J.: 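I'd like to ask you about the structure that follows.
As the structure lists them, so they are numbered: ligands from 1, and atoms in each ligand from 1. Because the structure is predicted, anything quoted here is derived from the model rather than measured.
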Amino acid sequence: MKTNIYLSFGSALLSTYMIAGCQPGQKNEESRSGKLPNIVIIYTDDQGYGDVGVYGATELQTPNIDKLAEGGVKFTTGYASSATCTPSRYALLTGEYPWKNESARILPGSAPLIIDTATMTIPKMLKEQGYHSGIVGKWHLGLGIGEVDWNQHVSPGPNEVGFDYSFIMAATNDRTPTVYLENGFVVGLEKDDPLFVSYQENFEGEPTGIDNPELLKMKWHHGHNNSIHNGIPRIGFQKGGKAAMWVDEDMADDFLEVAQQYIRDQKNNPFFLYFALHQPHVPRTPHPRFVGSSGMGPRGDVIVEADWCVGELVKTLEEEGLLENTLIIFSSDNGPVLNDGYYDDAVEKLGDHKPWGPLRGGKYSLFEAGTRVPFITYWKGEIEPTVSDAMVSQLDLFSSLAQLVGSEERGPDSEELLDVLMGKSDQGREELIIEAGRRTALRKGNWAMIPPYSGPAVNRNVNIESGNSGDFLLYYLNADIGQQENLSQSEPDKLREMIDTYQRITGREL
Ligand code: NG6
Ligand code: CA
């Protein structure tokens, strides 16, 4: 019942809607003409729990992200669905656990779309309520249905799963093709220089990171030794399309500009903007105006740059008079990593900064730092500043946003936590399965349980603890947020309960 949903939502908004003389979500001209709030999800890439000032960073300044948290809800216990990108993004848009979809793993730039075009997604759900949706930034959910011809309309992609507008990079900034696509077309492609992409073999005569170290301005550490563009060796091969290639150092400005234009274009109707920044994922290539800004080398500099982008985007909303009618959600797709494949001083210049904050692990890990990330909601005049310890997941955005706009759609694994996101309730999730590279673990109450997994305890390339162990790992996070004391032996009843819950949710026998 729409009315009930809104009654619990808070009197301020309710009265706004009553003045407008219509129910939110109602498909009439009045509700379309501005009373449904705009929704902006700002999503960074590999930014850790400790990579934000309000989450405890003292060596790195993020004043603009801090401002959102200080004026909104700062969640201390907010989760990405996975410790890597593709699965987290899949879960965010569909509200479905990523481990339920075999294909939801780190994708090459040539991978087909992994969201079925029949699947309900946040932008589709919002479209039913009269929203216009746009994605600007990193996609990494696959494109096309097999062999993509990059010189034609590339489809299906974001526009076929609900976005009315898309300006994306296909996969990651370290993967080919190093071009932007706008609504399925490679931007700036010239007819006489077609673009070819392969993840199998190089194109004859094309330089690579292995064969042509003299062409590199950034050296590869592991992986990342295929095609070279802009002096940076990538994962995957490509040929041609020269005029369309992005300039890494301009990427932040490029995405920001498109996102700002999107807001200006859509300001007269409810819109959903998914602003998926590329920072601080590798290769870390700050614009020259940010070089040296953090004193921490490129990784810190691109976080400062990303923070600036957040500030500029919010400024645009403000200038357009939209800030009081826009829910902003800020989060990151997975935890932090230092050396993720290039020599870029991330380790050497870290100093006292702790990207993982008080947590254990990082990107790729089943320990907390893999998935517990900065998570902030902000809505000027509607959300009271508060800090919330409620457990929330990016999975929950689907159903919670559906509540917000009066949609009856729900994501399969997505909980209705609108009141929590609005800072009006601290009754978050009771349990949550987290994922890292197809392995899963359980968060329940104040406990975390990682089942036994074979494989190295430390992911050597990136020097991050994986969460693999021959034993069950059980932690009481209230007393031990750093997951130092394994209680699986001393708390057998709790372990049993955790195993039962894990088995019930995942269907996996332990
Ligand atoms: C890994 C890459 C890493 C990064 C990651 C995806 C190697 C050795 N490592 O395979 O650099 O690109 O994939 O990151 O190639 S994510 O944030 O998009 O999940
Ligand atoms: Ca990521």
J.: Just checking Y199 against F237, ring centres under 6.0 Å apart?
T.: no

J.: Could you check whether R289 makes a cation-pi contact with W308, meaning its NZ or CZ is under 6.0 Å from the centre of the six-membered ring and within 45° of the ring axis?
T.: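 The answer is yes; both the distance and angle limits are met.
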
J.: Report the part of N334 (side chain from C-beta onward, or backbone N, CA, C, O) that has a heavy atom under 4.0 Å from ligand 1; answer both or neither where that applies.
T.: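 Side chain only; the backbone of N334 stays clear of ligand 1.
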
J.: Does the plane of the ring in Y262 sit parallel, tilted or perpendicular to the ring in F271? Use 30° and 60° as the thresholds.
T.: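 Correct class here is perpendicular.
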
J.: Is Y342 touching ligand 1 with its side chain, its backbone, both, or neither, if touching means heavy atoms under 4.0 Å apart?
T.: neither

J.: With respect to the Ca ion (ligand 2), what is the nearest N, O or S atom of D46?
T.: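 Of the nitrogen, oxygen and sulfur atoms in D46, the Ca ion (ligand 2) lies nearest to OD1.
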
J.: Ring centres under 6.0 Å, that's the criterion: do Y79 and F375 meet it?
T.: no

J.: Determine whether the side chain, the backbone, both or neither of I106 has a heavy atom under 4.0 Å from any heavy atom of ligand 1.
T.: side chain

J.: What is the name of the N/O/S atom of D45 that is nearest to the Ca ion (ligand 2)?
T.: OD1

J.: Is E182 reaching over with its side chain to a backbone N or O of F185, donor-acceptor style, under 3.5 angstrom?
T.: no

J.: Please write down residue, atom name and distance for the protein heavy atom closest to atom 8 (C) of ligand 1.
T.: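 Looking only at protein heavy atoms, the one closest to atom 8 (C) of ligand 1 is H222 CD2, 3.4 Å.
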
J.: Apply the side-chain hydrogen bond (donor to acceptor under 3.5 Å, both in side chains) test between R360 and each candidate in Q484, E465, E368; give the one that qualifies.
T.: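 Testing R360 for a side-chain hydrogen bond (donor to acceptor under 3.5 Å, both in side chains) against Q484, E465, E368 leaves exactly one candidate, E465.
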
J.: What protein heavy atom sits nearest atom 14 (O) of ligand 1, and how far away is it?
T.: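 Among all protein heavy atoms, the one nearest atom 14 (O) of ligand 1 is K363 NZ, 2.8 Å.
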
J.: Kindly assign one of parallel, tilted or perpendicular to the pair W139 and F163, based on the angle between their ring planes and the thresholds 30° and 60°.
T.: perpendicular

J.: Closest non-hydrogen protein atom to atom 15 (O) of ligand 1, residue and atom name please, with distance?
T.: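 Nearest protein contact, heavy atoms only, for atom 15 (O) of ligand 1 is I235 CD1, 3.3 Å.
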
J.: T84 heavy atoms, cut-off 4.0 Å: which ligand 1 atoms fall inside?
T.: 19 (O)

J.: If you count the atoms of ligand 1 from 1 in the order shown, which ones are under 4.0 Å from a heavy atom of T172?
T.: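 Listed by number with element: 18 (O).
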
J.: What part of K138, side chain from CB on, backbone N/CA/C/O, both or neither, has a heavy atom under 4.0 Å from ligand 1?
T.: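 Under 4.0 Å from ligand 1, K138 contributes side-chain atoms alone.
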
J.: What is the nearest protein non-hydrogen atom to atom 11 (O) of ligand 1, stated with its residue, atom name and distance?
T.: D340 O, 2.8 Å

J.: Please write down residue, atom name and distance for the protein heavy atom closest to atom 9 (N) of ligand 1.
T.: H224 CE1, 3.9 Å

J.: Looking at D45, which atoms of ligand 1 are within less than 4.0 Å of one of its heavy atoms?
T.: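 Those atoms are 17 (O).
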
J.: Below 3.5 angstrom, do we get any N/O pair linking D46 and ligand 1?
T.: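 Looking only at distances, the answer is yes, because the N/O contact criterion of under 3.5 Å is met.
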
J.: Taking both backbone and side chain into account, is any N, O or S atom of N334 nearer than 3.0 Å to the Ca ion (ligand 2)?
T.: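 Under 3.0 Å: N334 contacts the Ca ion (ligand 2) through an N, O or S atom.
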
J.: Under 6.0 Å between ring centres: does that hold for F272 and Y131?
T.: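 Ring centroids of F272 and Y131 are no less than 6.0 Å from each other.
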
J.: Mark up the atoms of ligand 1 that fall under 4.0 Å of a heavy atom belonging to D174, in ascending order.
T.: 3 (C), 4 (C), 11 (O), 12 (O)

J.: On the ring face of Y43, is K138 found with NZ or CZ under 6.0 Å from the centre and within 45° of the axis?
T.: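 Because its charged atom misses either the 6.0 Å distance or the 45° angle limit, K138 does not stack over Y43.
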
J.: Run the numbers for me: atoms of ligand 1, each under 4.0 Å from some heavy atom of H140, listed by number.
T.: 18 (O)

J.: Decide if the gap between the ring center of Y342 and the ring center of W220 is smaller than 6.0 angstrom.
T.: no

J.: Should C85 be listed as contacting ligand 1, given a heavy-atom distance under 4.0 Å as the test?
T.: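 Yes.
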
J.: D333: which N/O/S atom is nearest the Ca ion (ligand 2)?
T.: OD2

J.: So, W150 versus F196, ring centres under 6.0 angstrom or not?
T.: no

J.: Between D344 (side chain) and P298 (backbone), is there a donor-acceptor pair under 3.5 Å?
T.: no

J.: For I232, does its backbone N or O pair with a side-chain atom of N230 as donor and acceptor, under 3.5 Å?
T.: no

J.: Which of the atoms in ligand 1, numbered in the order shown and given with their element, are less than 4.0 Å from a heavy-atom of Y364?
T.: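 Counting atoms of ligand 1 from 1, those under 4.0 Å from Y364 are 1 (C), 3 (C), 4 (C), 5 (C).
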
J.: Do me a favour and list the nearest non-hydrogen protein atom to atom 10 (O) of ligand 1 with residue, atom name and distance?
T.: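 Going by distance alone, atom 10 (O) of ligand 1 is nearest to R175 NH2, 3.3 Å.
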
